[in-house]
Structures are given as C-alpha cells and as structure tokens.
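Report on one structure; see the data block that follows.
Sequence lines set the chain letters: A, B, ... in the order given, protein chains first and strands last, and positions in each chain run from 1. Bear in mind that the values here come from a model prediction, so they are computed numbers and not experimental data.
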Number of protein chains: 2
Amino acid sequence: MTDRTTPTLASIAARVGVSVNTVSRALRAPNTVRPELRQKIRAAMDELNYVPNRLAGGLSGTRSDVVGVIVTSLHHSEFASLVDTLQAELLAQDLQVMLANTRYDPDEEVRLVRAVLSWRPAAIAIVGIDHPPKAVELLKAAGVPVVEMWDVDGPVIDTAVGIDHRAIGRAQGQHLVERGYRRLAFLGSLRDNDSRAHKRLAGVEEATSAAGLGHVVRRTEPLPGNPDLGERLLGELIERQSDVDAVVCNSDVIAYGVLRGLRRLGRDVPGDVGVIGFGDSEASSCLTPALTTVRPDREAIGRLAAAAILSRIDGGGPEIRRADWRLMTRETTARQSRIPLAMAAAIPADPLGKG
Amino acid sequence: MTDRTTPTLASIAARVGVSVNTVSRALRAPNTVRPELRQKIRAAMDELNYVPNRLAGGLSGTRSDVVGVIVTSLHHSEFASLVDTLQAELLAQDLQVMLANTRYDPDEEVRLVRAVLSWRPAAIAIVGIDHPPKAVELLKAAGVPVVEMWDVDGPVIDTAVGIDHRAIGRAQGQHLVERGYRRLAFLGSLRDNDSRAHKRLAGVEEATSAAGLGHVVRRTEPLPGNPDLGERLLGELIERQSDVDAVVCNSDVIAYGVLRGLRRLGRDVPGDVGVIGFGDSEASSCLTPALTTVRPDREAIGRLAAAAILSRIDGGGPEIRRADWRLMTRETTARQSRIPLAMAAAIPADPLGKG
DNA sequence: GACAAAAAAGTTACCGATAACTCAACGTTC
DNA sequence: GAACGTTGAGTTATCGGTAACTTTTTTGTC
C-alpha cells in the first residue's frame, strides 16, 4: 500500500546507524542496550511501523510462542467459551493462540494437526481423547506437549484436562429414575467420533439398568445440534415409541427444540414427560419450564488447560486433571417420585465428578 | 519424545539419497520429479512423520497461507458462528485461520493486530470498523488486504462486509411503535467501542422521535452480556422508571434475562411490556412467549467475508458489501396496536437492510 | 594514570525452506 | 552423428531474524 517494502530490523538499524543485532537486542534484551540508544531505536520502529517477522524469529530462535488449539466445533457449542477462556489465560503469558476447527471430521483432524504442527507451536491443546491414529502418531512424533481437553477417561497422549462424562450420564439417568421416570430416551446430535457423548449415553444406560429398567431408546443424527433437529427427532421418536416419559438430550439446544415440540404436541412437562439437557447454556434457566441440565465447569477446564500447557512448556510432567460439574435441577424434571427410593439408591452416584 | 530431532527436508533427502531441493520440489512441483522417485520421497516423509516447517517456508517463499481473524468476543456471541463459517470457507482454499480475540479492549486490539501481522498473513479479517488509530496505521502500513466485518457504515480501511445496524435499530423501534408501545427502553451490555450497538440504539431513537415519542431510556453496562445482567438491569430500570412498556435488548441473551425478570415481577409479556432482542440466538424461538428479534444473515456475512478475502488476495479491488437481516416477529411484541397507523407510517422503513 | 572487569556494540554462523540458476542425461531430428 | 530441446536433479543465494562469540568502550579501583 504505502511503501513497497515492509521494514525489517535492517531498515531500523540503517536508520539509527547501528548494527542489526543491536536492534534485535533492544527488543529481546533491552537492558544490554544503552537507554538513549534504545530510545532512538524504539522511535524508529514506531515511525516506520515496524512489526517483527515471527517467521524469521521462530526459525532462528529456539522458543515458540504459539499454542495450537484444535476444537471439533465452534458453532453453538461449549468450545467457543472454552477457547475464549484459554486464549485469555495464554495471552496473559504472551502466548498466541492458533485455532483450528475440525468440524468433527477425522480426515480434517489429521490435516489440521499437520497444519498446526507446521507452525512449530510450543504446545497443542486439542478437544477429546479419541483421535485418528495418524493424528496421534504425528502429535507424538512432534515431541510437543499435547493437552487433551474435555475428556480424560481413556488412553491419553500426554496430559488431559476434562470431566467425567460417564459419571455425568449416570447422574442424568439416576436423577430421572429418582423422579419416577421409567421409559428413557436419548436424543440429539451424535457423531461416531464424539466419544464424550457416547460415554454420557453409556452412563445413562448404566443408571437405568442398575434400576432394573429397560433399554434407553435412541434417536440421533450426525448433524449439528439445534432446536429444529431436536423437535424433529422428538417427533420421530414419539411416532414409534409414544410411551417414552423422559428425554435425555445430548445438548441444551436440542432440549430447547424438544420442549417446543412437546408443547406443540400438548404434552405436559414435567408431568407427562421429563427433559434433561447437557451444557447449561444461558437460555436454559430462562425457559418455562426451566431446563434441568448439567453444567460442566467450563471456566475451570479452560483455566486448568492453560495451566497444564504452561506447566508442560515450563518442563513440568504430564498430568491428568478433572474439573467439576453440577446437576442443575430445575423444572423440566420436577415430577414427584412414584417409586420407592430404595431402588434408586442402588445406582452409584458421583455428584462432584471426582470419578 | 521419540527422536530428539524433528525431521527436516534434509533428513528426507539424506534418507532417499537426493538433494534437498528435489525433496522440496516433490512437494511444490510434483511433476518435475520422476514418479518413482517421488514415491520414495513420499514414503520417507510418511515414515519419518515429516511436517514441513512453515516458518522456514513462509520466510523463504513469497506467499503466505494464513489469514488473521480478529474478533471482539467469542463468548456468547455471534462471532463464534461467523468464525466457524469463515474458517470452513477459507480452509477449502487451503488458507489457515489464525484467531485473536480482543475482548473489546482497544489496547489489546493494537497488540493483537501487531501479533497477527507478525505472522505475515495473506489477509486480515477484523470485526468492526472502529479501531484504535494505531491499529489502523499498522494495518494500512502492512499493505495487507483488510476485510472489516459486521459493520460497513463509516470510514473503512479497505474492504467491508456487514449489515446496516442503524436500519436494524430503526426497524426495531418502528416495530414497537406500530405495536402500540410508547415508552421504550434500551438495555444491555454496551461498550464504548461497540459502535454497532450504538448505531442500533441511534436507529431506535430515530424511530421513536419520528413517531413523536420521548427519549429512549437506557440502562447499560460494559460487561459481557448474559441473562443475569439482563435481569439486573431490568430491575434497576423498573425501579426508577416503572412506566416503561417496551424493552429493546442489545442481544438475545440479555432479553432472556429480561423475560425471566418480568415473569418474576408479574408483568405480562407482551400485554404490559413488549420485548425485542437482537441476534436470533437459537433458544429465542423456543421461549414462551417466543422472542421477537432481528436475525442477521450470519452465514452470508461469513461467506461474503471469505469471498472478499479471496478476491483481495487474488488481486481484486476493495469493495463494500451488505448482508441481509430480518425482523423475526414473534410473541413478545404481539400486542394489538392502539395508535393510528398513519403515525407509524412516518417512520422510514428498511426491512431488507439495503440501506 | 594504568589495568582489570564490566558493559555495550559489532561479527558471524546458522535456522529450514524456496527459487533462480546451472548442469547432466537422454531422445529427437535432419 | 552432431546440434538441440526436454526433462530431471544439483548448487547457491536468500528470506529476517537470533545466539554465540569477539571486539570495543566505559567504568571502577588502587
């Protein structure tokens, strides 16, 4: 636009009349440069709108100040706020976030792992612990600290920070059983490679079978979750299994659509049907009836992940940390129990997710 | 982890027994290398888990394949889905997204513009058209295509894609006036440097003054928007101005809290008070009563922004494009009009946002 | 004022890729 | 079979910094 040449350290050096290295030092090790000279260098940089070239810096220097963050989704999801927290924490340590979004596509994941590694990041944070084999191989071979987020149960590459999804599923199932619901269904967006959701589902089944109830009916699709999908899946479910009396939704947005659908069908919530979500999105407490759901401590996950990254960069060892979560009991499951509590008591409870 | 040295082109070359350059060519210009040799090179790369070093590549080569994306927020916001769309579109063209989040902090914005420029990106996409002077200076001096998103009305650096926020405000105000609401309030999270929100507010005032109504009462805070803030601001508003009969919320999540608050206060919506939001978040159609709001065509903004970036990288000229938006008339403003429509007709309407 | 120690600035060798240039081998064509 | 174009591969310079090493200047002490 303005000059055809972007200013470099050399331009600054020439302008001030010192060597390139002195200019570099004025940035890297300011106290090795005479204050008045440093002042002149700063002024020249400001005047020329100098922006250091990290490509060169990174290639030459040993350290990197980028952290690659790989998420499975950003749209309508937990991960936006996770990335937000993570970025704020890392930025405070002068680490830059490079974000990539796989959109739940395993091939894309391999491609993005490669792309992110090609920037020689100081560390990588990635959602989930189930990755395509090639992605794991690349991550291991790169010798970069890897922090897996959101899930911790299973084989981990290096370090993991997350919540116990199976325990959450158990809590969801147990809660419904305690409230007297008997015929449970699981509804929502579900991808094969979303092992977190599969674990929650397994937890729900664990709870129902512990209570001696039948199978959990499923109605899922590998599409992005939103209310319309929720309402459609509910319609399809009711059509073939009209005696369902409780719906476990894989996310709150799905639950919103389910509630809308039930209202249209004239079913009373929580009287006829109970509904429980996952995520505690902001609207959930504002619905009528307010949605019972599970709130993972998102901020804690972000903070713990950032702390783990910093610790690993700093030479700390691998670790596994669990964040808390909470069952937010609200109105959509507020039915009086009709079964003796003794039965429900058989189900293992784990309200704090300490697994 | 495994080897202490990350493989480089030289490692591959040594292993296959060719020169470094041949290996480079096998990647950059495959058809200048004998197929069988190419095969061997590929095999070696795969075996050693070679990942090219973009720091080196970018420094040496002339082109860059990163696009910097700077947003003001990710948490509870439009921008998560904008980034999502943008990334999907750019990835299809082999462009990598580097994300930065200013959290509405102008100093942070300058710092992040600098940080992003230091990666020598092929282009920069940034939310808004109001930036700190230093940020504008840096962007202009860098000679990089800059695409400003979300807002288009005002001085633009280079290229902009967005919606007409003032027209949206007018439509919100006009709609409330038409439905017979007379004492309007504006509520929500509002930062000084969120010029989009200020434009919408100005639009609302334009509509009310055209209808001969009094000033729009404001109750705002520079905090992240969420339902709790909405409910609190509503409480404070009612306390000192109990005759307000319509609330324009700066975002849907604020509106959720306002609706919850009105319910607790025993005010009927839309009978006693009308509520309108902005954003059309997913829950909005699932609330009871369902929230009237404005839906910007987010996907279009993402697509247009990506197209603009590609066009600019490709040598196309700067341009300004507007995306559509729609007033989603639902139940929270479903009051019968009590004023002659003639009055309301005086207000300029612009339902398609073509400005 | 001489000398050693400390501080400040300059020199030089890379980091890992790419592009321009050069060179060798191999078919063609007349 | 000599001249020539093609194709495939090697050489070399370079991108913009940084770090290690060296040299010069300043400072402090006796």
*Measure from the side-chain N and O atoms of A:Asp84 to the backbone N and O of B:Ser73, and report whether any donor-acceptor pair falls under 3.5 Å.*
no
*What integer distance in Å separates B:Leu55:CG from D:dC15:C1'?*
12 Å
*Between the side chain of B:Arg54 and the main-chain N/O of B:Gly58, is any donor-acceptor distance below 3.5 Å?*
no
*Are A:Arg196 and A:Asp194 within salt-bridge range, i.e. N to O under 4.0 Å?*
yes
*asked:* Counting the atoms with a prime plus P, OP1 and OP2 as sugar-phosphate, which does B:Leu37 contact under 4.0 Å by heavy atoms, base, sugar-phosphate, or nothing?
replied: sugar-phosphate
Could you list, one pair per line, each protein nitrogen or oxygen that sits under 3.5 Å from a nitrogen or oxygen of nucleotides 24-26 of chain C, together with the distance?
none

*Through what angle, rounded to 10 degrees, does the axis of the helix from C:dG1-D:dC30 to C:dC30-D:dG1 turn between its ends, using five pairs per end?*
40°
*Short side-chain to backbone donor-acceptor contact, A:Thr72 and A:Tyr104, under 3.5 Å*: no
*asked:* Using whole Å, what does the distance between atom C1' of nucleotide C:dG16 and atom CH2 of A:Trp119 come to?
replied: 14 Å
*Could you give me the CA-CA distance, side-chain angles and deciding distance for B:Asn49 and A:Lys140, then say whether side chain to side chain donor-acceptor pair (under 3.5 Å) is met?*
CA-CA 10 Å; B:Asn49 281 316; A:Lys140 285 185 170 165; over 6 Å; no
_Quick check on C:dA19: is either OP1 or OP2 less than 4.0 Å from any side-chain nitrogen or oxygen of B:Arg28?_
no
*So does A:Ser24 get a side-chain nitrogen or oxygen closer than 4.0 Å to the phosphate oxygens (OP1/OP2) of D:dT18?*
yes
Restricting both atoms to N or O, compile the protein contacts to nucleotides 10-13 of chain D shorter than 3.5 Å, with distance only.
residue	atom	partner	partner atom	Å
D:dG10	OP1	B:Ser19	N	3.4
D:dG10	OP2	B:Ser19	N	2.8
D:dG10	OP2	B:Ser19	OG	2.8
D:dG10	OP2	B:Thr22	OG1	2.4
D:dG10	N7	B:Arg25	NH2	3.1
D:dG10	O6	B:Arg25	NH1	3.1
D:dT11	O4	B:Asn21	ND2	2.8

*Could you tell me the separation between the CZ atom of A:Arg54 and the P atom of D:dT18, rounded to a whole number of Å?*
10 Å
_side-chain N/O A:Tyr50 vs D:dG17 OP1/OP2, d < 4.0 Å_ = yes
_Go nucleotide by nucleotide along DNA chain D from the 5' end; which of B:Val33 and B:Arg120 gets its closest nucleotide reached first?_
B:Val33
_Whether B:Glu47 and B:Arg15 form a salt bridge (side-chain N of Lys/Arg under 4.0 Å from carboxylate O of Asp/Glu) is what I want to check._
yes
*Could you check how far CG of B:Asn31 sits from P of D:dG8, rounded to whole Å?*
8 Å
*Taking only Lys NZ, Arg NE, NH1 and NH2, and the carboxylate oxygens of Asp or Glu, determine whether A:Asp94 and B:Arg111 approach each other closer than 4.0 Å.*
yes
*Would you say B:Lys134 has more than 12 foreign heavy atoms packed within less than 6.0 Å of its NZ?*
yes
*Are any of the side-chain nitrogens in B:Glu78 or B:Arg298 under 4.0 Å away from the carboxylate oxygens of its partner?*
yes
*Does A:Arg322 pair with A:Asp297 as a salt bridge, N-O distance under 4.0 Å?*
no
*asked:* What is the separation between atom CZ on A:Arg38 and atom P on C:dA7, rounded to the nearest whole Å?
replied: 14 Å
*In whole angstrom, give the distance that lies between atom CD1 of A:Ile41 and atom P of C:dG10.*
9 Å
*Check the distance between C:dC15's C1' and A:Leu59's CG and give it to me in whole angstrom.*
4 Å
*asked:* Rounded to the nearest 0.5 Å, what separates atom CD1 in B:Ile301 from atom CZ in B:Arg321?
replied: 13.0 Å
_As a test of reading the structure: which of C:dG16, C:dA8, D:dG16 is closest to the side chain of A:Arg34, going by heavy atoms?_
C:dA8
*For A:Leu9 and C:dA9, what is the distance between atoms CG and P respectively, to the nearest whole Å?*
16 Å
*Do the charged groups of A:Arg38 and A:Glu36 touch, with an N to O distance under 4.0 Å?*
no
